[in-house]
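We name chains A, B, ... by the order of the sequence lines, and we start the count at 1 in each one.
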Amino acid sequence: MRPPATRHRPALLAVPTALLVALAGCGTPTADGAADAPGDVLVVEHAQGTTEVPRDPQRVVVHDLSVLDTLDALGVEVVGVPDFEAGDALPGYEDVETVGTLHEPDVEAVAALEPDLVVVAARSSTSFDALSEVAPTIDLTVDQADFLPSARERVETLGEIFGLEDEVAERLDAVDALAEETAALAADAGTGLVVMTSAAEVGAYGAGSRFGLVHDELGVAPADPDIPEASHGDVVSFEYLAETDPDHLFVLDRDAIIGEGGTAAAEVLDNPLVARTAAARAGDVHYLDSFAWYIAPSGLTSLETMVGEVHAALA
Amino acid sequence: MTTTSPHDAGPAAPWRAAGLRRAAGSRPAAVAAAALVVAGALASLFLGAADLAPADLLAARSLDDPAVELLLVSRGPRLLALLLAGSAMAVAGLLMMHLTRNRFVSPSTAGTVEWAQLGLLLATLVLGSTGVLERMLVAVVAALAGTALFLRLLRRLVLADTLLVPLVGLMLGAVVSGVTTGIAYRADLLPVLATWTAGDASGIIAGRFELLWLVVVALAVAWWQADRFTVAGLGEGTAVSLGVDHGAVVRVGLVVVAVVTAVVVVVVGAVPFVALVVPNLVTIVVGDDIRRALPVTAAAGAAFVLLCDVVGRVVVHPYEIPVGTVAGVIGGVVFLVVLLRLRGRGVSA
């Protein structure tokens with residue numbers, strides 16, 4: 001989550017950015033041009049202002065798993081990642097240098113890697129200022145209230161930086177097309193409810209929440225339109241599920257991603273009250289990919305997975 | 001502890017000072033507590049996310065009726081779980097009060113809860129999500145070891161001020177809790193830990209609370225040994241001179257407290273203040289004879305937890321505020337009031 005103060009950042013950054021532009025201008029006359037000359041820079045707009053970033057940077061440090069998911073999908077190599085365990089979702093990063101945790105980037109470790117570009121987002125966005133002192137840093141936090149368009153914009157920014165605009169556009173267009181198709185299906189699919197189970201506790205999420213995509217953009221009618229937009233979900237009982245009686249129950253099993261912590265969601269939901277719901281009777285209890293929905297919701301493959309899952313559920 | 005400083009009046013003092021008058025208050029207190037339990041139980045049965053009215057139950061013709069199913073699967077088990085957890089925690093607090101001869105020592109101020117949580121976390125890391133019984137056993141052992149450590153510490157430190165005793169316990173608990181959080185952070189189990197630390201009854205349905213029946217055994221032991229606990233509460237010297245094996249009584253009490261705390265933490269999570277506020281309130285009215293105070297404490301503890309849970313279910317209906325959160329707020333206020341009253345009256349604070 002971004003601190004409220006970020007609103008004022010662009011103004012604050014304007015002065016140093018102007019200086020940077022002036023300095024950069026000494027070496028490269030075409031600061032924002034199309035030339036591919038080495039040292040060519042790109043002015044990138046992001047959640048905390050604008051930053052000058054070299055085109056196709058070679059030494060990239062990523063602090064966010066959504067961004068890493070996108071870069072991984074595009075075949076871009078990185079030199080630093082946070083210490084993470086994502087199971088099978090993002091394999092092959094065991095030998096890459098780690099630079100702190102998902103929430104707390106290790107600024108010294110980042111500096112030691114001498115990166116051309118540092119990317120923060122969401123959980124790591126509060127370290128933007130500290131990291132900006134070390135290397136060109138951008139914050140690709142997605143606007144939750146405008147999720148799909150905002151996520152698209154962030155992915156496009158990455159495509160632009162690495163000169164992969166065409167591939168990115170193609171894949172994002174496919175996501176958009178599938179989203180439209182899903183929304184059309186949703187019109188006749190009845191109601192839906194998204195819940196997350198954690199250690200036998202169930203939280204309900206509605207429109208505007210972190211899993212709001214299901215309702216807001218994919219058009220599934222909320223089984224309970226009154227759920228407040230709380231990012232951590234409202235604790236509910238099984239009788240609430242029976243009473244709300246959704247036609248589609250979307251389940252995120254948090255314990256599945258964070259290890260052996262609790263009872264698996266299917267076991268938690270295996271009771272007479274849930275069995276009574278329309279969703280359970282029709283076999284419409286859908287278990288969602290926890291990495292895509294919970295860990296890296298705005299990565300390119302996550303977007304494909306998420307929209308694809310809801311589409312498959314309603315088809 | 002064998003000190004007899006004026007501050008160290010212990011829970012026994014008010015009882016001795018005003019035993020008869022207090023004893024007279026026992027019956028009304030018991031009736032009041034019982035009435036609260038009944039009121040709490042009715043509220044707990046008929047208030048919740050789904051609509052359930054007594055008339056629905058009367059109209060039901062079979063066990064498959066939705067109203068009956070709701071009662072048997074959700075409301076009934078939840079009521080039983082809260083009754084068991086509330087009464088057991090309150091009695092555990094009553095015992096701790098006597099074992100340490102200090103009104104402010106309870107499983108939550110002696111670190112017992114934190115040790116149980118540490119045990120639960122370690123067991124989860126080693127054993128995985130299966131094996132609730134094994135996990136609980138580890139939690140019991142940890143709670144037992146931690147509380148024994150606390151009592152040993154108390155014997156070493158001769159504390160002039162009664163408030164220092166729970167302070168030591170709170171500090172010990174904070175250290176243990178820090179270790180637990182550190183391990184959970186490392187293992188990416190922080191969210192799971194959060195659901196354990198806040199008592200929450202939303203997930204309780206038939207089949208997920210039955211371990212709590214174990215606390216009945218612990219309560220029975222407490223009842224059976226009640227007189228010995230009362231005598232132990234008079235101090236080691238007095239107890240020994242009355243022919244009671246003080247050490248043995250303390251060990252029995254420790255086991256009861258550790259089992260109760262660990263079982264409740266594993267099944268429901270920590271519900272703050274029950275073990276601290278309820279025994280204090282009850283002994284103010286009823287006196288410190290455990291045989292007399294125990295049933296009232298058990299009933300009042302159950303009523304307190306039931307009412308907290310009902311409040312948590314009603315204020316954000318149909319969603320819930322965990323019972324532990326509500327108990328923290330209400331218990332905190334009640335505790336402050338009790339504390340100020342006690343000080344005002346000059347009762348050992």
Undergrad: Given that the side chain runs from C-beta out, which part of A:T244 has a heavy atom under 4.5 Å from chain B: side chain, backbone, both or neither?
TA: neither

Undergrad: Side chain from CB out, backbone as N, CA, C, O: work out which of these in A:D245 comes under 4.5 Å of a heavy atom of chain B, or both, or neither.
TA: neither

Undergrad: In chain order, what residues pass the salt bridge (Lys or Arg N to Asp or Glu O under 4.0 Å) check against B:E320, with sequence neighbours excluded?
TA: B:R78

Undergrad: Mind checking which of residues 198-205 of chain B sit less than 4.5 Å from chain A, heavy atom to heavy atom?
TA: B:D200, B:S202, B:G203, B:I205

Undergrad: Quick check: does any side chain N or O of B:Y319 sit under 3.5 Å from a backbone N or O of A:I227, one acting as donor and the other as acceptor?
TA: yes

Undergrad: Can you tell me which portion of A:D83 sits under 4.5 Å from chain B's heavy atoms? Options are side chain, backbone, both or neither.
TA: neither

Undergrad: Which of the residues A:D224, A:V202, A:L102 is involved in the greatest number of heavy-atom pairs with chain B at under 4.5 angstrom?
TA: A:D224

Undergrad: Between A:E243 and chain B, which part of the residue has a heavy atom less than 4.5 Å away: side chain, backbone, both or neither?
TA: side chain

Undergrad: Kindly write out the residues that satisfy salt bridge (Lys or Arg N to Asp or Glu O under 4.0 Å) with B:R208, not counting sequence neighbours, or none if the list is empty.
TA: none

Undergrad: Considering residues at least two apart in sequence or located in another chain, which fulfil the salt bridge (Lys or Arg N to Asp or Glu O under 4.0 Å) criterion with A:E309?
TA: none

Undergrad: Looking at every heavy atom in both B:A49 and A:E239, which two are closest together, and how far apart are they?
TA: N-OE2, 3.3 Å

Undergrad: If you measure from CG on B:L70 to CZ on A:R276, what distance do you get to the nearest 0.5 Å?
TA: 6.0 Å

Undergrad: Can B:Y185 and A:T101 be said to form a side-chain contact (heavy atoms from CB on, under 4.5 Å), step by step?
TA: CA-CA 11 Å; B:Y185 179 76; A:T101 67; 3.5 Å; yes

